Novice: 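I'd like to ask some things about the structure below.
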Amino acid sequence: MAENDLADEPRLPIFLRAVLEDADAVLAAARAAPDSLADLIETDAAQAEFLPLFDPQSIAAAVLDARGVVKVASRLFAEEGGERYIDPGLAQRALRSGKPVVVPVAVESDAGSESVIFVYASAAMAFPLWRLPPELAAEAPAGKVVVLTTLAARAEPIERACAAFGLTGLQTRIVLAVVRAGSIKAAAGRLGISHVTAREALSDVYRRTGARRLPEVVGLLSGLAFGLMPSQSDHAPLLVDVWGLTRKQAAITLLVASGASREEAARALGLSVAVVRKDLEQVFATLRVGSASELARTVSTMRALAALLGATRGQLGFADPRAEPLRLLPRADGTRIAWSEYGPAGGRPVLIVHSSMTSRQAPSGLVAALQGGGFRVLSVDRPGFGMSDPVAGLRAGEHDPFDAAAGDLIALLDALRLPTIDIVARGGAQAVLALARRAPERIGRAVLVNPDPPSGADGHRHGPLGAFKEAYLRRPELIGTFARLLGGSLTRERLQRMVRQSMRGSPPDEAAAADPRIAEDYWRSVRMFATGRIEGYVNEQVAIARGGKPAPMPGLTDWSVLIGAYDTMHDPDHVERYWRDVLPDSRFTRVPGAGRFLAMTHANRVLDALRA
């Protein structure tokens with residue numbers, strides 16, 4: 001698609017279309033009349049849609065011919081015998097009506113009978129709208145009907161979810177057995193261990209995951225096995241429409257499946273405990289479950305299916321979790337910190353700090369260079385980024401988000417028993433400064449790559465990203481609205497167009513934007529915003545827009561600052577002057593032939609600076 005050809009994007013928001021067509025005009029409007037853009041941005045943001053990422057191994061789907069016979073099936077659908085439960089009459093109804101047919105189906109598993117959802121739709125409707133496993137695409141022209149479902153709990157995705165929390169082999173086997181069997185007693189019997197052993201193992205699982213009760217553990221790990229879902233979705237309508245629950249029963253179901261006790265659910269909904277118990281009995285009978293843990297598993301699969309059914313664009317699709325290592329660490333309040341361990345285990349630990357525009361997925365070239373230099377590479381999502389939960393009570397403009405990020409880093413270092421760690425910051429310099437103020441002894445050597453000054457301290461603007469930067473400065477109270485608009489409109493193609501336009505005038509960055517590997521790395525690190533996780537970005541951008549210059553921090557002689565000679569976002573001379581005032585004793589290096597993407601294009605220069 002040509003950069004100036006937007007006719008085939010009818011869903012493109014008006015403001016974003018204006019930015020992509022003529023960023024300089026939007027930049028001028030932001031400077032001359034910032035209020036004139038506010039209504040347009042808010043209108044567009046209200047229509048934004050956040051979308052999920054899925055592990056393809058967790059989705060069961062098949063393409064049928066007009067008679068309801070399977071033409072091709074996903075691996076999961078085939079392995080779980082999904083063909084046994086296909087109803088040709090429902091397939092015909094979906095084909096005739098042109099609308100999806102959604103029905104609950106009782107299927108048999110090694111844990112007994114369980115209720116799942118089957119959805120039938122014409123292939124003409126399903127392929128453009130749903131996220132389907134890639135192997136089905138080849139049969140799109142020949143197929144007539146698509147059937148989509150979530151069948152039995154799969155071992156491999158749940159095992160990866162358990163590994164994210166560092167569960168032991170025994171704990172993982174017990175969790176998987178509980179997810180399938182629905183209770184501790186049944187799981188212990190299946191594994192041939194005592195009930196006491198299973199309960200003791202699960203008590204440590206609660207500690208490692210931050211969960212309070214078994215249903216919360218089951219729901220958490222089952223949901224994580226599917227992928228990343230938007231947290232804002234309301235799933236009660238699917239419970240009402242498909243299973244025929246009342247709105248009250250649906251509300252009780254969602255609370256109990258999330259780990260609430262009957263008493264807590266009653267208090268939250270203003271009901272008596274007796275009413276909650278009676279309604280929950282009806283829910284168990286309707287959904288064919290026998291415990292709150294089974295209910296949690298069923299709700300998790302329903303949420304995954306609801307996210308698939310709600311798709312209106314196909315651009316996010318699937319992510320391979322094996323290529324993006326994930327670990328999760330609970331905070332004291334039960335919320336979670338997401339981090340990645342790239343290894344090798346015996347190397348000197350170094351933390352890659354992400355920018356406010358990205359998340360913990362680190363550039364592959366930088367990771368490889370650091371590993372080759374003998375470093376053990378780690379990365380972490382700051383609060384409200386990627387898969388790290390926001391810090392409770394942290395609101396934009398009310399608290400220091402960088403201090404909260406420093407608290408998470410200290411908690412991670414303590415959990416890993418690392419007294420110190422080296423740091424490479426590809427942006428995010430404010431978070432590194434916060435850690436240095438709070439716990440200077442925890443930082444070894446540090447390299448700041450193209451650290452950003454506050455927006456108001458630099459008048460350099462260019463392209464779409466420059467237009468957003470100017471708008472943030474003029475109307476910081478709209479940063480949350482901007483973030484919702486951008487995240488809810490993000491596609492790989494739109495991101496690439498914005499980056500290419502914003503990097504014009506910087507030859508190394510223009511080349512980087514055209515490099516398929518770098519473009520893929522950047523997309524992986526940005527696409528989490530499209531799932532709705534924008535809180536961290538908003539908090540940090542508000543803090544940067546409103547914050548003043550930090551006090552000088554002398555004595556940091558083990559710190560290096562690398563600045564690309566080309567940068568369309570900031571004037572390199574201004575960046576160096578600004579940060580020399582803040583870090584008077586640190587080393588500064590101007591890197592010729594490098595620009596905004598220095599950490600990706602000149603990874604060995606970063607490694608050399610870290611070793612210096």
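Fair warning: this is a prediction, and the values are worked out from it, not measured in the lab.
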Novice: If you compare all heavy atoms of Cys162 against all heavy atoms of Thr172, which two are closest, and at what distance to 0.1 Å?
Specialist: CB-OG1, 3.5 Å
Novice: Give a yes or no on whether a salt bridge exists between Arg207 and Asp204, defined as a side-chain N under 4.0 angstrom from a carboxylate O.
Specialist: yes
Novice: Do you know the tightest heavy-atom contact between Ser293 and Pro215?
Specialist: OG-N, 3.9 Å
Novice: Looking at Arg173 and Glu159, is there a salt bridge between them, counting it only when a charged N and a carboxylate O are closer than 4.0 Å?
Specialist: no
Novice: Can you find a heavy atom in the side chain of Tyr342 that is under 4.5 Å from one in the side chain of Pro325?
Specialist: yes
Novice: Could Asp558 and Arg445 be called an ion pair, given the rule that one side-chain N must be under 4.0 Å from one carboxylate O?
Specialist: no
Novice: Does Arg533 come within less than 4.0 Å of Glu535, counting only side-chain N to carboxylate O?
Specialist: yes
Novice: Go through Arg596 and Asp509 one step at a time and tell me if the salt bridge (Lys or Arg N to Asp or Glu O under 4.0 Å) criterion holds.
Specialist: CA-CA 6 Å; Arg596 190 73 191 160; Asp509 289 324; over 6 Å; no
Novice: Which atoms form the tightest heavy-atom contact between Arg208 and Phe165, and what is the distance?
Specialist: O-CD2, 3.5 Å
Novice: May I ask you to test the Arg524-Asp521 pair for a side-chain heavy-atom distance under 4.5 Å?
Specialist: yes
Novice: What I want to find out is whether Asp408 reaches Arg331 closely enough, with some N-O distance under 4.0 Å, to be called a salt bridge.
Specialist: yes
Novice: Assess whether a salt bridge exists between Arg336 and Asp381, defined as any Lys/Arg side-chain N lying under 4.0 Å from an Asp/Glu carboxylate O.
Specialist: no
Novice: Is there a donor-acceptor contact under 3.5 Å linking the side chains of Asp585 and Thr557?
Specialist: no
Novice: Just so I know, are the side chains of Ile544 and Asp452 near enough to count as touching, which here means a heavy-atom distance under 4.5 Å?
Specialist: no
Novice: Could you check if a side-chain atom of Thr589 sits within less than 4.5 angstrom of a side-chain atom of Arg605, using non-hydrogen atoms only?
Specialist: yes
Novice: Name the one of Glu576, Arg577, His570 that satisfies side chain to side chain contact (heavy atoms under 4.5 Å, CB included) with Pro453?
Specialist: His570
Novice: So, for Gly259 and Arg212, which heavy atoms are closest and what is the spacing to 0.1 Å?
Specialist: O-NH2, 3.4 Å
Novice: Please tell me if the side chains of Val606 and Leu366 come closer than 4.5 Å, counting only heavy atoms from C-beta onward.
Specialist: yes
Novice: Rounded to the nearest 0.5 Å, what's the gap from CG on Leu269 to CG on Leu255? Could you check?
Specialist: 5.0 Å
Novice: Looking only at side chains, do Arg297 and Ser222 share a donor and an acceptor under 3.5 Å apart?
Specialist: no
Novice: Verify whether one side chain among Ser340 and Arg360 offers a donor that lies under 3.5 Å from an acceptor in the other.
Specialist: yes
Novice: How long is the span from the CD atom in Gln430 to the CZ atom in Arg382, to the nearest 0.5 Å?
Specialist: 8.5 Å
Novice: Heavy atoms only: give me the nearest Gly564-Asn450 pair and the separation to one decimal.
Specialist: N-OD1, 2.9 Å
Novice: With side chains defined as the heavy atoms from C-beta onward, is the minimum distance between Arg517 and Met600 less than 4.5 Å?
Specialist: no
Novice: Would you say the side chain of Thr420 lies within less than 4.5 Å of the side chain of Leu413, judging by non-hydrogen atoms?
Specialist: no
Novice: Taking all heavy atoms of Ser355 and all of Thr358, pick out the closest pair and write down the distance.
Specialist: OG-OG1, 3.0 Å
Novice: Determine, for Arg611 against Asp422, whether the closest basic-nitrogen to carboxylate-oxygen distance falls under 4.0 angstrom.
Specialist: no
Novice: Just wondering, do Met528 and Tyr537 contact through their side chains at under 4.5 Å, heavy atoms?
Specialist: no
Novice: Does the Arg327 side chain pair with the main chain of Ile337, one donor and one acceptor, at a distance under 3.5 Å?
Specialist: no
